[in-house]
Asks: 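So that we are looking at the same thing, I have put the structure below in structure tokens.
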Amino acid sequence: MSAQFPVARPRRLRRTPALRRMVAEHRLAPADLVLPMFVKEGVTEPQPVPSMPGVVQHTRDSLRKAAHEAAEAGVGGLILFGVPAVKDGTGSAADDPAGIVQLALRDLASDLGDAMVVMTDLCLDEYTDHGHCGLLTPRGEIDNDATLERYASIAVAQADAGAAVVAPSGMMDGQVGAIRSALDAAGYRDVAILAYSAKYSSAYYGPFRDAAECAPQFGDRSSHQQDPANADEALREVLLDLDEGADMVMVKPAGPYLDIVRRVRDEVRVPVAAYQVSGEYAMIEAAAEKGWLDRERTIDESLTSIRRAGADIILTYWATEVARRLRGL
């Protein structure tokens, strides 16, 4: 750049809304958004999540209605989390053909067809009575390799029920390879894997644990989720998952880890997702309720920042609302 003020005036291109739209470097589109949804066994009406205003634990019927509304708004996909009526030490409901997620998946696959991408979270914390992401040893530690066998079985059960994409979130070593092998052996070579590759041990998950009823009964998840102090480690995790067969990779949380999103985007040539997690959602909703923030502008700015950092796909609880706004509905 050689011209200087007063010849160079960058504000010329910011002068009107039409000019700003024309030269915008990054745009959100409804198809970029994925809606996380919770379905709970044994409830007869949607159950509000107190720490996440506007989010509910769905019944099968209300889930179908909300998924249809998301599809009508143009949302690109949804990701399903299940809350079973009975939990045990092995998370047996996770791969039960009559389990709540498998039943809901069959509903959605029938209803939606190819209108949107139906994804499933693949983990054990929602299904175990201890609230951890894997099977436990007698000493109360997570048994990584035994957990892989459970993940493989869950992946096949979810594919059987109609999942187009499975998203392993447990951060077990070798999970993507175990899942890919199991899916291929069962004839599901076309089911894709969105790996939670860089999932941090974050305080921002608190409200989600209310929604999924999966708070650990002891300890925490620092032995398998990433240390928030580490960045290079995220790239190692991403590359390992790609070597094992991941089709897409994810950074979670999104907003506090935009630097990680950017580094991953620069490193890989596959779609990069970022999960705007429950704590990010709850903070904006709470501040807006107090009148401290302009709610819609803050939501849109937060999502644009994630897109600007390099995410191709954004998981957000505002997906339907934002998609409608983007389309002028």
Side-chain angles (χ1 to χ4, degrees), residues 24-38 52 54-55 66-67 69-81 115-121 164-169 192-200 202 204-205 207-208 211 234 238 241 246-285 288 293 295-327 329:
E25 296 175 24
H26 300 89
R27 290 181 172 85
L28 288 172
D32 302 334
L33 307 177
V34 170
L35 177 65
M37 306 183 80
F38 304 93
M52 299 178 70
V55 175
E69 291 170 352
E72 282 194 327
V75 172
L78 63 84
I79 185 165
L80 190 59
F81 298 84
M116 65 192 310
V117 180
V118 178
M119 308 181 185
T120 45
D121 177 77
V165 178
V166 296
S169 60
I193 298 175
L194 167 59
Y196 285 67
S197 298
K199 181 179 179 181
Y200 283 85
S202 173
Y204 286 84
Y205 302 150
F208 173 90
V238 164
D241 282 353
D247 300 285
M248 302 176 279
V249 295
M250 187 194 298
V251 176
K252 180 183 180 183
Y257 293 86
L258 295 180
D259 60 319
I260 307 301
V261 176
R262 182 72 262 166
R263 288 187 66 176
V264 171
R265 174 68 284 162
D266 289 343
E267 183 73 22
V268 306
R269 296 296 175 266
V270 299
V272 174
Y275 196 146
Q276 186 181 53
V277 300
S278 60
E280 299 174 70
Y281 175 92
M283 288 192 302
I284 291 175
E285 288 288 352
L293 293 174
R295 181 179 176 277
E296 287 190 3
R297 284 190 63 191
T298 306
I299 291 169
D300 292 350
E301 185 177 341
S302 71
L303 293 170
T304 301
S305 72
I306 298 166
R307 189 80 173 86
R308 188 184 66 241
D312 305 291
I313 301 163
I314 303 173
L315 286 73
T316 176
Y317 299 96
W318 290 302
T320 302
E321 174 188 336
V322 172
R324 285 173 174 156
R325 190 156 63 245
L326 289 171
R327 296 181 63 192
L329 298 177

Asks: Go through it in stages, so that I can follow the logic: the residues are M250 and L194, the test is side-chain contact (heavy atoms from CB on, under 4.5 Å), and I'd like the CA-CA distance, side-chain angles, deciding distance and then a yes or no.
Replies: CA-CA 7 Å; M250 187 194 298; L194 167 59; 3.7 Å; yes

Asks: Looking at M116 and A71, what are the two nearest heavy atoms and their distance?
Replies: SD-CB, 3.7 Å

Asks: Applying side chain to side chain donor-acceptor pair (under 3.5 Å), which residue pairs with at least one partner in residues 246-257 are found, sequence neighbours left out?
Replies: none

Asks: Between R262 and D266, is there a side-chain N and carboxylate O pair less than 4.0 Å apart?
Replies: yes

Asks: Are any of the side-chain heavy atoms of I193 and P168 separated by less than 4.5 Å?
Replies: yes

Asks: Out of Y275, Y317, Y204, which one pairs with Y281 under the ring pair (Phe, Tyr, Trp, His ring centres under 6.0 Å) rule?
Replies: Y317

Asks: Look only at the side chain of D32 and the backbone of A29, and say whether a donor-acceptor pair between them is shorter than 3.5 Å.
Replies: yes

Asks: To the nearest 0.5 Å, tell me how far L28 CG sits from L303 CG.
Replies: 5.5 Å

Asks: May I ask you to check whether Y196 and D121 show a side-chain donor-acceptor distance below 3.5 Å?
Replies: yes

Asks: Quick one: does any side-chain atom of R327 pair with a main-chain N or O of A73 as donor and acceptor, under 3.5 Å?
Replies: yes

Asks: So do E72 and T320 actually touch side chain to side chain, heavy atoms under 4.5 Å?
Replies: no

Asks: State, to 0.1 Å, how close A246 and A195 come at their nearest heavy-atom pair, and which atoms those are.
Replies: CB-CB, 3.9 Å

Asks: At their closest point, which heavy atom of E280 faces which heavy atom of W318, and how far apart are they?
Replies: O-CH2, 4.3 Å

Asks: Please lay out, stage by stage, how R325 and I299 fare under the test side-chain contact (heavy atoms from CB on, under 4.5 Å).
Replies: CA-CA 11 Å; R325 190 156 63 245; I299 291 169; 4.1 Å; yes

Asks: Atom CZ of R324 and atom CD of E69: how far apart are they, to the nearest 0.5 Å?
Replies: 5.5 Å

Asks: Tell me every residue that passes side chain to side chain donor-acceptor pair (under 3.5 Å) with R295, counting only those two or more places apart in sequence or in another chain.
Replies: E285, E321

Asks: Please list, chain by chain and in numerical order, all residues satisfying salt bridge (charged side-chain N to carboxylate O under 4.0 Å, His left out) with R308, sequence neighbours excluded.
Replies: none

Asks: Does the side chain of V34 come within less than 4.5 Å of I314's, by heavy atoms?
Replies: no

Asks: Quick one: does V277's side chain get under 4.5 Å of S202's, heavy atoms only?
Replies: no

Asks: Tell me if the CZ atom of R297 is crowded by more than 12 foreign heavy atoms within 6.0 Å.
Replies: no

Asks: Tell me the closest heavy-atom pair linking V75 and L33, and the distance in Å.
Replies: CG1-O, 3.3 Å

Asks: CD1/I306 to CD1/I313 distance, rounded to the nearest 0.5 angstrom?
Replies: 13.0 Å

Asks: Is there a side-chain contact between V117 and V165 (heavy atoms, below 4.5 Å)?
Replies: yes

Asks: For a quick test of reading the model, state the closest non-hydrogen atom pair linking S197 to V249 and the distance between them.
Replies: OG-CG1, 3.4 Å

Asks: What distance separates I79 CD1 from L35 CG, expressed to the nearest 0.5 Å?
Replies: 10.5 Å

Asks: Could you list all the salt bridge (Lys or Arg N to Asp or Glu O under 4.0 Å) pairs where at least one residue sits in residues 309-320, not counting sequence neighbours?
Replies: R265-D312

Asks: Got a sec, which residues hit side chain to side chain donor-acceptor pair (under 3.5 Å) with T316, two or more places apart in sequence or on another chain?
Replies: Q276

Asks: Is any side-chain heavy atom of L80 closer than 4.5 Å to one of V118?
Replies: no

Asks: Are any non-hydrogen side-chain atoms of L326 and R27 less than 4.5 angstrom apart?
Replies: no

Asks: Report the residues that fulfil salt bridge (charged side-chain N to carboxylate O under 4.0 Å, His left out) with E301, sequence neighbours left out, ordered by chain and then residue number.
Replies: none

Asks: Of all heavy-atom pairs between G310 and V272, which one has the smallest distance, and what is that distance?
Replies: O-CB, 4.3 Å

